[in-house]
Amino acid sequence: MAGATVDDAVDQEHGRSKAGRGQDGPNYSKGYTFVTLLGYSMSFIIFGSQVSILGPTIKPLAEQLGVDETDLSPLFTALGISCIVSGTPSGWVVDRFPTHTVLIASLLVEAVGFSLVPFMPSVWSLTALYALICFSYNFTNSAVFTSLGWMFPKRAGGALNLVLAMFGVGSFFIPLAAEACRHYAGTPLAVFWLVGGVSVLSSVPFLFVRSPSPPKLSTHSHHHAKQSKDKTLELVVVSAVVLLVFFTTAAETAIGNWIFTYAGREVDLADGEAALANSMFWGSFTLGRVAGALVSRWTSPAVLLLCSTPFSLLGSALPLVMQGHMSRVLVLATASLAGFGNSTGYANAVALLEQYVPVTGFINGIFGAVAGGACMVGPTLVAMLAKYTPLRYNAMAWVGLAFYALHYPAILTTMAAGRSLLSRQVQARREGSATAAAAGTGDLQEPLLAGSKEGGHAAAAAAAAAGGEEALNGSAHGHSHIVPVPLPFLATNHLVSESDADEVDGDAPPIRIHRSSLPGHAGGSPPLFHLVTAKRASSGAAGLNIREQ
């Protein structure tokens, strides 16, 4: 049941399909969906390039400022602190303002900021500017993830994997773009101007489509939210997923930002070969996310996470096992294995949580803050270990291996607590339905099931006084479903034929209801409803299966 939701469990119990359940969110046209997904994908191509841009540009930035690469570690600190600070505000803004407006604003801030990076005269001025740029990241992240959750309620896994695959595309191309800028513009720092220009272009699609609307909470989901008392399990699930996001992002940024330097300093590869290793990491990362988007339709996020993590562990262990014997091929293998295994982390962590707990803009903001902290901790830990210990840049592999190993406790804890939470939610739903049925039918259910004429007259008088007609009309209009409503007209109804009886649920005799049977409707009106049956729940309460004619 790792990939199930409460609705899946209840639907299975009643023999319904997901298609029959319907969606609570509004329906969007294919054109709207295409344009919005295009815009989100472009935004995340830029997002990926921005987060990974320090990898191929640390060396030329250090040369321009006259410092060592490790002296630029405050940039990673600025990234982490800005994302931590902006996490909660971004979620608050996204929950209250149109998501596309938020996206346009954040992309324009990034465009201006990155265009100014090559002009900074010192480490601290560069750090201050970079902190301002990174403050906008969570607004992009929260706006896109929240929009996808609203467009595809309870089924956003495929879209999340697809859009996050574009993050990998940006990260893959940024080292190649830096090398192209070195060749054609004379400096790899020109890549900052390229990213700034494309940031402006990526905001254009949002000028032509409105922001998606949050889906309406279904009646039974709202009832469950009111009735659920087990907040401890929810806290465990959320906390485990938050830790998983931290671990996967810390490992991703540790390797993605330092493999270029590792390849050059520890294996003596040329800049072009080191850039290729960087691109191999992000290329495999992108390939893994595309594969995850394709197979997410047939498997669960938990399975994807469990099956991909061994690739990352193997990739991180390779430089440690082969230390002193690393070659160009082994560096590329390290990059490919680690990138492919890391690809499922963030997207499927969010998709896994969505199966147990509603994911809002606020929660996405928390994820952004935690990921921001991880973006600071992972790369900074590598820099500190490289500078102050004999590990040198082999610290990259040690940091990656440690964080990848921590994936399994987080994933397994989420699955165990999530299954317990799901079981409790299903039980609460059943108890709530039984209670509602008993409250709705009260003492009227036994005359209904027995077909007693005297009981029917008593029921009619009681229900007429209580507004039974309005309850029936309001509950049954236009659909076939189980509802707990009183019948004020039981004694004079006509039984349907045996052939009709085969169409209805339960063993109780079906009833044809005439409009003349309702209070205030005298005369020979045509039938208002075709079939009504009493269906006894496990608790003994009765509900009504009503089909409009």
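Ring geometry, F285 versus F281: the interplanar angle falls under 30°, so the pair is classed parallel (tilted spans 30 to 60°). Aromatic ring pairs are classed by plane angle as parallel below 30°, tilted from 30° to 60° and perpendicular above 60°; the pair F167 and W282 is perpendicular. Ring orientation note: the planes of F403 and F246 are nearly perpendicular, at an angle over 60° on the 30°/60° scale.
Residues T140 and S43 bring no donor and acceptor atom of their side chains to less than 3.5 Å of each other. With no hydrogens or angles considered, a side-chain donor-acceptor pair links N138 and S86 at under 3.5 Å.
With rounding to the nearest 0.5 Å, the separation of CG in L162 from CZ in F44 is 11.5 Å. Rounding to the nearest 0.5 Å places CD1 of I104 at 7.5 Å from CG of L108. Between the CG atom of N342 and the CZ atom of F247 there is a distance of 13.5 Å, given to the nearest 0.5 Å. A distance of 12.5 Å separates CG of L107 from CZ of F139, quoted to the nearest 0.5 Å. With rounding to the nearest 0.5 Å, the separation of CE in M42 from OG in S199 is 9.5 Å. Here the CG atom belonging to L391 is positioned 12.0 Å from the CE atom belonging to M396, to the nearest 0.5 angstrom.
Nearest approach of A351 to P301, heavy atoms of both residues: CB-CG, 3.7 Å. Shown here for M415 and A302, the closest heavy-atom pair between the two residues is SD-CB, 3.7 Å. In terms of heavy atoms, A78 sits closest to A131 at CB-CB, 3.9 Å. Across every non-hydrogen atom of S316 and L320, the tightest pair is O-CG, 3.9 Å. The heavy-atom pair separating M326 from L318 by the smallest distance is SD-O, 4.0 Å. Here the closest heavy-atom approach between residue S202 and residue P205 is recorded as O-CD, 3.4 Å.
Judged by distance alone, the side chain of S49 and the main-chain N or O of I46 form a donor-acceptor pair under 3.5 Å. Remark: the backbone N or O of F340 is paired with a side-chain donor or acceptor of S343 at under 3.5 angstrom. Side-chain N or O atoms of S136 include none that pairs as donor or acceptor with a backbone N or O of L132 at under 3.5 Å. Of the possible polar contacts, none joining the E179 side chain to the G272 backbone as a donor-acceptor pair under 3.5 Å is found. R96 contributes a side-chain N or O that, together with a main-chain N or O of W92, makes up a donor-acceptor pair within less than 3.5 Å. No donor-acceptor pair under 3.5 Å is formed between the side chain of H407 and the backbone N or O of L305. Put simply, the side chain of Y408 gets close to the backbone of L306: a donor and an acceptor are under 3.5 Å apart. Side chain of N257 to backbone of T253: a donor-acceptor contact under 3.5 angstrom is found. With hydrogens and angles ignored, the 3.5 Å screen pairs no side-chain donor or acceptor of T248 with any backbone N or O of V245. At least one donor-acceptor pair under 3.5 Å links the side chain of T57 to the backbone N or O of I53.
Two residues are said to be in side-chain contact when any heavy atoms from C-beta on lie closer than 4.5 Å; T36 and Y32 meet this criterion. Residues V112 and S115 fail the side-chain proximity criterion, which asks for heavy atoms closer than 4.5 Å. In this structure, the side chains of L54 and L61 come closer than 4.5 Å at one or more pairs of heavy atoms. Between F47 and V144, every side-chain heavy-atom pair lies at or beyond the 4.5 Å cut-off. Counting heavy atoms from C-beta on, the side chains of L243 and L406 never come closer than 4.5 Å. Residues V117 and L189 form no side-chain contact, since every pair of their non-hydrogen atoms from C-beta on lies 4.5 Å or further apart.
Residue-environment remark: OH (Y393) exceeds the threshold of 12 foreign heavy atoms within 6.0 Å.
Ring centroid separation for the pair Y404 and F311 does not come in under the 6.0 Å cut-off. Between F206 and Y40, the distance separating the two ring centers is shorter than 6.0 angstrom.
The side-chain contact (heavy atoms from CB on, under 4.5 Å) test applied to L65 returns V67, L72, V123, L126, not counting sequence neighbours. Applying the side-chain contact (heavy atoms from CB on, under 4.5 Å) rule to T99 yields the partners V94, A143, S147, W150, S211, P212; only residues at least two apart in sequence or on another chain are considered.
Using a cutoff of 4.0 Å between basic side-chain nitrogens and carboxylate oxygens, K387 and D68 are not scored as salt-bridged.
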